[in-house]
Amino acid sequence: MTTELEQQIAAAQEAVTKQGDTVRSLKASLKEGKAEKSEVDVAIQKLAELKLALESKQKEFEKTTGKVSSQSKEALRAALAGVLERRMFYIPSFKIYGSVAGFYDYGPPGCAIKQNMTQVWRTHFVLEENMLEVECPAVTPEVVLKASGHVDRFTDFMVTDVATGECFRADHLLEGHLEALLEDKKNPVSPEKAKVIRDLLAGVGELKADTMGAALTEYDVRAPGTGNAISPPFAFNLMFKTSIGPKGDMVGFLRPETAQGIFVNFRDLLYYNGGKLPFAAAQIGNSYRNEISPRAGLLRVREFTQAEIEHFVNGDDKRHPKFALVADLRPLLYSRELQMGEEKKAQPMSLGEAVSRGIIANETLAYFIGRTWLFFCKIGVNPARMRFRQHLQHEMAHYATDCWDGEVETTYGWVECVGLADRSAYDLKAHSAMSKIDLTAFEKFPEPRMEEVVKVVPNNKELGAVFKKDQKAVKEALEALDSNAALDVKAKLESGQAATVSSCDGQTFEIKAGMVEIKKVTEKVTGKTYTPSVIEPSFGIGRIMYCMFEHCYYTREGDETRAVMGFKPVVAPTKATVFPLVQKPALNELAGRISRELTAAGLSNLIDTTGNTIGKRYARTDEIGVPFAVTVDFASVEGDGSVTLRERDSMTQVRVPAGEVAVVIRDLVDDRTSWEAVTGKYPAQKAPADDE
């Protein structure tokens, strides 16, 4: 009966997930005019019904067994949170002062895991791809973020409690209030009103300030907790603002991403690389976003570590020389076609096929998807619970060619941990226009060739007469046009229409016939100048860590109180523990020597000399994810000189000569050997009774 209920709960959860994807795809179709609001209404209603069915099954299980279902996301999350905080993987910052939402301190094991993970990332990407690693300041002048668009567009709508001043994200408040109205069984809304509410829910994310305010007023949305009135919504920039210098006259921000530091250094990096493309630059560092409502632990915080790559490439040739190495990998791909189709489920597909079919835009983007998948497998994320979801058309920035999110399934649903985007040449062009610095590359042809080029020749006299003080800005805007844009202007002017061009600061100017001459000429050229495109993989280290925590956490069969963090050895905070069987000087001396040998081999380790039984000591170190344990017993000092080596997940043990144990563990951590190979080489040791 229990097993059957668990299976029913799992099936109900899968149905909820699938229907959630259906709602999302219908909302996308609605925006494109390919679906009706009534279809979205029906889908949202079905999702609500499926959620109620899931909740009912979970309650039935609890009533039948007196326990929380293993399928209960809340139960797993609570149990894991207990281990993570008790063992100080991470804790809320400033606890003695009541903490501040969105900030966390990493304790000893959490700090070690984070450092191990970033080092694996550095080895896997920076060293393997010969990337140029940089480190840039977190404090960024306003002009840099003005050029990138963050000053004007990096915003969410916020409201405040008019009495207490407490802040809330407007869309979250409205969504919560509308959902509560639909779920209210004591005071149900009419079918007609429910339809209106569902229509509004479907488009909350697209509401402007005025329509958001009107909806909040119409539904009398009030501040949570106090019931006080709220202010009209207003745009809130998510960057932390500061001033630079003692006079405070230079505005700066804490960077919202590490990428801009790489873009502004492109010219110097290109020179450092001998002027050759493609090349990639990487940076690991903290970024800052002043989230209105931080929540979900490490998943939405105000300070977080990013690891970002900017791969600069000629936009006309996005092949990758090492693509063949990943072409046969088959990660779960959730393409636009699958999201908009009936099944709503990611499918394994080789990256080679995905590129050949045009599902992934180019080899370089697919190459980094493959390398990202391998990285996640290396650090212990379950590949069956990881997918790459392609952005739907309306989700992509206007300049992007293709975008995919590396998502990991957790108790919070599918969590975006990596963004992989082909950003075209947008970033370098934006910074070049703002800074007036050339951020282009030059490709030299093997032999000179005759080519047709587009020449743009502004009429300075005419521009000066019409635009006066803006003449320079208009001239620069015309000269900055690429060939296609210049030909578009030429076509409009020749048809008797006016054309518009935009300056780097966003001003728009109307161009008429006589103001510019645009012509095609044939010239002998030795090469071409172009603005490189950028392929950007961006990793959120904290999010990846939390997902890994969920995937690695389990309890021993038959004993739900024995928690285990099944970390891969390469990221485990402590690689080995050393236990003297009992408190005897000879055992302690050998344990100390083995510990020193482990340290000399670069392996973090702990000596546990408490009086607890070996089984209890194993259980304690299992909970912080130590993969290997060395026990020094009387045979170690009086017999053959061997020690016991235990592997955490299988709990199997072997006898290894004391002088070899550091080398064996080093090889296991570096994946140069496997536990199966070790058990085949060394004699087995029976586990103690309290560790079975």
Please step through side chain to side chain contact (heavy atoms under 4.5 Å, CB included) for the pair Leu200 and Tyr219, ending with a clear verdict. CA-CA 11 Å; Leu200 181 56; Tyr219 289 95; 3.6 Å; yes
Would you tell me whether Ser287 and Gln306 have side-chain atoms, one donor and one acceptor, within less than 3.5 Å of each other? yes
Looking at Trp414, is Arg387 sitting on its ring face, NZ or CZ under 6.0 Å from the six-membered ring centre and within 45 degrees of the normal? yes
Report the C-alpha separation of Leu420 and Thr372 in whole Å, then their side-chain angles, then the decisive distance to 0.1 Å, and conclude whether the side chain to side chain contact (heavy atoms under 4.5 Å, CB included) test is met. CA-CA 9 Å; Leu420 299 112; Thr372 298; 3.7 Å; yes
Lys575 side chain reached by Phe628 side chain, heavy atoms, under 4.5 Å: no
Answer yes or no: is there a side-chain heavy-atom contact under 4.5 Å between Thr621 and Leu606? no
Please confirm whether Phe549 and Phe89 have ring centers closer than 6.0 angstrom. yes
Do Asn286 and Glu303 have side chains that get closer than 4.5 Å, going by heavy atoms? yes
Measure the shortest side-chain to side-chain distance between Glu550 and Leu80 over non-hydrogen atoms and say whether it is less than 4.5 angstrom. yes
Please evaluate residues Leu645 and Ile665 with respect to the criterion side chain to side chain contact (heavy atoms under 4.5 Å, CB included), reporting the C-alpha separation (whole Å), side-chain torsions for both, the decisive distance (0.1 Å), and the verdict. CA-CA 9 Å; Leu645 178 62; Ile665 295 175; 3.9 Å; yes
Using the six-membered ring of Tyr334, assess whether NZ or CZ of Arg389 lies under 6.0 Å from its centre and within 45 degrees of the ring axis. no
I want to check something: taking the side chain as every heavy atom from C-beta on, are Trp675 and Asp649 in contact at a cut-off of under 4.5 Å? no
Cation-pi check for Tyr412 against Arg77: NZ or CZ below 6.0 Å from the six-membered ring centre and within 45 degrees of the axis, yes or no? yes
Min side-chain heavy-atom separation Glu416-Val408 under 4.5 Å: no
Give every residue pair that meets the side-chain hydrogen bond (donor to acceptor under 3.5 Å, both in side chains) criterion with at least one member in residues 78-92, sequence neighbours excluded. Arg86-Glu623, Arg87-Glu623
If you count every heavy atom of other residues, nucleotides or ligands that lies below 6.0 Å from Lys345 atom NZ, does the total exceed 12? no
In this structure, are over 12 heavy atoms from other groups packed under 6.0 Å from Glu337 atom CD? no
Given salt bridge (charged side-chain N to carboxylate O under 4.0 Å, His left out), test Lys378 with Asp671 step by step and report yes or no. CA-CA 10 Å; Lys378 184 177 291 187; Asp671 212 19; over 6 Å; no
All heavy atoms of Thr555 vs all of Glu560, minimum pair found to be CG2-O, 3.4 Å
With a 4.5 Å cut-off on side-chain heavy atoms, are Asp171 and Asp156 touching? no
With a 4.5 Å heavy-atom cut-off, do Pro256 and Phe154 have their side chains touching? yes
Closest approach of Ile284 to Ala307 (non-hydrogen atoms, all atoms of both residues): CG1-CB, 4.0 Å
Quick one: list whatever passes ring-ring contact (aromatic ring centres under 6.0 Å, His included) with Phe368, sequence neighbours left out. His311
Between Phe304 and Arg543, is there a cation-pi geometry (under 6.0 Å to ring centre, at most 45° from the normal)? no
Could you tell me whether the side chains of Glu647 and Ser650 share a donor-acceptor contact shorter than 3.5 Å? yes
Under a 3.5 Å cutoff, is there a donor and acceptor pairing between the side chains of Tyr618 and Thr631? yes
Could you give me the CA-CA distance, side-chain angles and deciding distance for Phe376 and Val418, then say whether side chain to side chain contact (heavy atoms under 4.5 Å, CB included) is met? CA-CA 10 Å; Phe376 272 82; Val418 186; 3.5 Å; yes
Does the side chain of Ser538 pick up a donor-acceptor pair with the side chain of Glu308 at under 3.5 Å? yes
Heavy-atom closest pair, residues Pro383 and Leu332: O-CD1, 4.0 Å
Euclidean distance, His177 NE2 relative to Asp220 CG, rounded to 0.5 Å: 6.5 Å
Residues in salt bridge (Lys or Arg N to Asp or Glu O under 4.0 Å) contact with Arg300, at least two apart in sequence or another chain: Glu291
